[in-house]
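Encoded as structure tokens, the structure appears first; notes follow it.
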Amino acid sequence: MPLSRIITLIIGLIVILGLSLWLIDSLTRLYGQLTWSSPLLGNLLLFLLIVLIGALIATFIYYFVIIREGEQRSRRRNRRIRQVQIPAAKSEAASSTLEAVRQQVSQIQDEVTRQALLSKSREIEANLARGEIQVVVFGTGSAGKTSLVNAIMGRMVGRVDAPMGTTQAGETYCLRLKGLERKILITDTPGILEAGIAGTEREQMARELATEADLLLFVVDNDLRRSEYEPLRALAEIGKRSLLILNKTDLYTEEDKEVILARLRQRVRGFIAPGDVVAIAANPQPAQLENGETFQPEPEILPLLRRMAAILRAEGEDLVADNILLQSLRLGEEARKLIDAQRRRQADKIVERYQWIGAGVVSVTPLPVVDLLATAAVNAQMVVELGRVYGCELNMERGRELALSLAKTIAGLGIVKGAIQLLSTALQLNVSTFIIGRAIQGVTAAYLTRIAGKSFIEYFRNDQDWGDGGMTEVVQRQFQLNRRDEFIKAFVQEAIARVVKPLTQRAEVVEEERQNRLETGD
């Protein structure tokens with residue numbers, strides 16, 4: 001029971017006792033008079049007096065000890081419930097996003113990748129249930145991150161004054177803050193900007209931990225360098241609530257400290273509030289006293305603790321909810337990219353298959369002019385299969401409409417003529433003049449089918465939308481991408497193997513048959 005409650009109880013009992021003594025004295029005289037005249041009436045009065053005093057004492061104790069204590073327990077329980085609960089709307093949004101992510105992940109064909117993403121989703125869901133506040137300490141290896149963690153925890157949790165690279169992996173410690181029911185987990189990360197392959201790997205680990213933070217403590221020991229500013233800005237842009245901490249202020253004069261703080265606030269203006277730029281000395285340098293003794297000052301981190309406490313008490317629930325929602329969205333984006341890459345690989349295989357089918361059709365039945373209209377049926381089937389990869393079911397009639405529309409766009413842009421000139425030059429260097437005409441037609445048909453297929457991939461990737469520039473812009477962009485020298489060289493070499501050599505072999509067979517007929521007189 002609190003001391004104030006005990007004092008109130010004692011004072012109340014004293015007052016009741018005093019009043020009782022006064023009342024007893026008064027009633028005693030009355031009792032004497034009544035007993036003299038009527039003994040029975042006097043005894044009844046005494047009994048009622050005892051019952052009344054007992055009832056007063058019992059009522060006082062019951063109210064101040066039982067009822068008030070129960071009310072306090074109820075308030076504490078309700079406060080815990082309010083603190084543990086994440087805002088309902090955000091919690092539901094995170095849960096819905098996680099469910100959508102699982103549905104996306106189920107489409108991923110690679111078993112290892114699929115299981116890894118499912119594991120991440122379960123971890124996020126567990127964090128949603130636990131509701132712990134994740135505080136991540138981030139910065140260069142020499143800024144004093146571990147010293148800061150030591151000072152916050154009030155005990156040694158790692159080496160201080162250590163060389164860069166000491167913290168090999170994220171190390172997490174538990175902290176309780178008065179007035180906050182949630183458990184606070186503080187993670188000391190490896191330093192960024194370290195040299196070597198190992199340093200780069202540790203930095204990547206630190207960045208990943210920072211993206212999972214509810215509250216980020218970005219530690220510097222001087223003005224921000226560009227290499228520090230860029231990751232800090234990037235983390236703020238994805239929604240990380242951040243404090244910028246100037247450490248080692250014991251090494252500066254008061255005037256220099258204020259100058260550096262002013263510069264820091266200016267540099268991060270717009271994404272970190274001035275009040276969230278805090279100066280500390282997590283591990284002050286020892287001082288030499290006049291008597292020769294060494295004095296070790298206490299860490300000066302009170303401004304940081306006050307700011308952290310204010311943020312966590314006022315924003316703790318929202319920080320947890322926002323971060324869980326952010327992690328869910330990031331996981332969904334990762335799944336979406338993996339699915340997009342998977343679909344892209346499948347779509348590219350379809351385009352490659354149909355481009356050589358189209359080349360074969362035109363090579364066997366050469367036309368006076370190369371035109372995608374001649375391979376409309378082939379391209380229509382390609383469009384239908386591409387749509388199926390991206391979850392869009394098209395019938396052949398719709399596929400034919402799209403293929404013809406794009407073929408007309410290609411012809412109208414002069415891409416057919418440009419493709420013939422481009423490929424003629426390349427083929428003439430590799431193919432005999434005997435079959436050059438038919439080879440150009442077949443290879444050009446394959447090339448144009450490829451541009452059409454790549455354009456349709458962009459169309460389906462964007463939910464059947466050609467974008468602001470329309471079909472024309474998409475087709476022109478694909479033509480520019482597929483006319484680069486390195487691509488044309490590789491494409492022509494494959495075309496020789498798939499189109500030119502079969503044509504050459506067929507021509508040789510036809511010529512041999514003609515010679516045989518001449519020899520036999522047929």
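As the structure is a prediction and not an experimental result, all values here were calculated from the model.
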Checking Phe491 against Trp356 for the ring-ring contact (aromatic ring centres under 6.0 Å, His included) test, could you report, in this order, the C-alpha distance in whole Å, the side-chain angles of both residues, the deciding distance, and whether it holds? CA-CA 11 Å; Phe491 181 80; Trp356 300 122; 5.3 Å; yes
Going through the checks in order, is the salt bridge (Lys or Arg N to Asp or Glu O under 4.0 Å) test met by Arg344 and Glu458? CA-CA 10 Å; Arg344 191 62 181 261; Glu458 295 304 310; 3.4 Å; yes
May I have the step-by-step check of side-chain contact (heavy atoms from CB on, under 4.5 Å) for Ile457 and Asp348, ending in yes or no? CA-CA 8 Å; Ile457 288 175; Asp348 285 342; 3.5 Å; yes
Stepwise side-chain contact (heavy atoms from CB on, under 4.5 Å) test for Leu215 and Glu315: CA-CA 10 Å; Leu215 178 63; Glu315 307 174 34; over 6 Å; no
Steps toward side-chain contact (heavy atoms from CB on, under 4.5 Å) verdict (Gln115, Leu118): CA-CA 5 Å; Gln115 292 302 324; Leu118 286 173; 4.2 Å; yes
If you apply the rule side-chain contact (heavy atoms from CB on, under 4.5 Å), what do you find for Thr113 with Leu338, and how did you get there? CA-CA 9 Å; Thr113 303; Leu338 288 169; 3.4 Å; yes
Salt bridge (Lys or Arg N to Asp or Glu O under 4.0 Å) for Arg398 and Glu401? Distances and angles first, verdict last. CA-CA 5 Å; Arg398 178 57 179 161; Glu401 288 177 3; 3.3 Å; yes
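Residues Arg330 and Glu333 are not paired through a salt bridge, judged by the lack of any N-O separation under 4.0 Å between the basic side chain and the carboxylate. Ion pairing between Lys454 and Glu352 fails under the 4.0 Å rule for side-chain N and carboxylate O. With respect to the salt-bridge test (charged N to carboxylate O, under 4.0 angstrom), the residues Arg336 and Asp340 do not qualify. Between Asp276 and Arg241 there is a salt bridge, since at least one side-chain N of the basic residue sits less than 4.0 Å from a carboxylate O of the acidic one. With respect to Glu228 and Arg225, a salt bridge is recorded, a charged nitrogen being found less than 4.0 Å from a carboxylate O.
Residues Met471 and Ser405 form a side-chain contact, since some pair of their non-hydrogen atoms from C-beta on lies under 4.5 Å apart. Counting heavy atoms from C-beta outward, Leu406 and Phe456 have side chains that approach closer than 4.5 Å. Contact of the Leu312 side chain with the Ile133 side chain is registered, since non-hydrogen atoms from C-beta on lie closer than 4.5 Å. Contact check for Leu402 versus Leu394: side-chain heavy atoms found under the 4.5 Å cut-off. Using a 4.5 Å cut-off on side-chain heavy atoms (C-beta onward), Ile311 and Leu319 make contact. The closest side-chain heavy-atom distance from Leu264 to Val268 is not below 4.5 Å. Side-chain contact check for Arg353 versus Met382: every heavy-atom pair is 4.5 Å or farther apart. For the pair Val384 and Leu386, the minimum side-chain heavy-atom distance is 4.5 Å or more.
Looking at every heavy atom in both residues, Tyr447 comes nearest to Ala419 through CD2-CB, 3.6 Å. Across Ile451 and Ser455, no two heavy atoms sit closer than the pair O-OG, 2.8 Å. Minimum interatomic distance between Arg102 and Ser121 (heavy atoms only, all atoms of both residues): NE-OG, 3.7 Å. Between Lys240 and Ala213, the closest heavy-atom pair is NZ-O, 2.6 Å. Closest approach of Leu244 and Leu224 over heavy atoms only: CD2-CD1, 4.2 Å. Between Gln464 and Cys392 the shortest heavy-atom distance is NE2-SG, 3.1 Å.
Of the inter-residue distances, the one linking Glu230 atom CD with Ile192 atom CD1 reads 10.5 Å to the nearest 0.5 angstrom. Of the inter-residue distances, the one linking Leu243 atom CG with Leu217 atom CG reads 5.5 Å to the nearest 0.5 angstrom. Between the CG atom of Asp221 and the OG1 atom of Thr140 there is a distance of 5.5 Å, given to the nearest 0.5 Å. Here Glu212 contributes atom CD and Lys120 contributes atom NZ; the two are 8.0 Å apart, rounded to the nearest 0.5 Å. The CZ atom of Arg450 sits 5.0 Å away from atom CG of Asn482, with the distance rounded to the nearest 0.5 Å. Expressed to the nearest 0.5 Å, how far CD of Gln493 lies from CZ of Arg498 amounts to 13.5 Å.
Classification of the Phe271-Tyr229 ring pair by plane angle, with boundaries at 30° and 60°, yields perpendicular.
Proximity of a side-chain donor or acceptor of Thr449 to a complementary backbone N or O of Ala445 within less than 3.5 Å is detected. One N or O on the side chain of Arg265 and one on the backbone of Pro274 form a donor-acceptor pair closer than 3.5 Å. Between the side chain of Gln327 and the backbone N or O of Thr211 there is at least one donor-acceptor pair closer than 3.5 Å. At distances below 3.5 Å, at least one donor-acceptor pair connects side-chain atoms of Asn247 with backbone N or O atoms of Ala282. Proximity of a side-chain donor or acceptor of Asn379 to a complementary backbone N or O of Leu404 within less than 3.5 Å is not detected. Although no hydrogens or angles enter the test, the distance criterion places a donor-acceptor pair under 3.5 Å between the side chain of Gln342 and the main chain of Gln109.
Between Glu385 and Tyr354, the side chains place a donor N or O and an acceptor N or O closer than 3.5 Å (distance only, hydrogens not considered).
No more than 12 heavy atoms of other residues, nucleotides or ligands sit less than 6.0 Å from atom CD of Glu397.
For Ala210, the side-chain contact (heavy atoms from CB on, under 4.5 Å) partners at least two apart in sequence or on another chain are Phe138, Leu216, Leu235.
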Just distance, no hydrogens or angles: give the donor-acceptor pairs under 3.5 Å from side chains in residues 473-480, sequence neighbours left out.
none

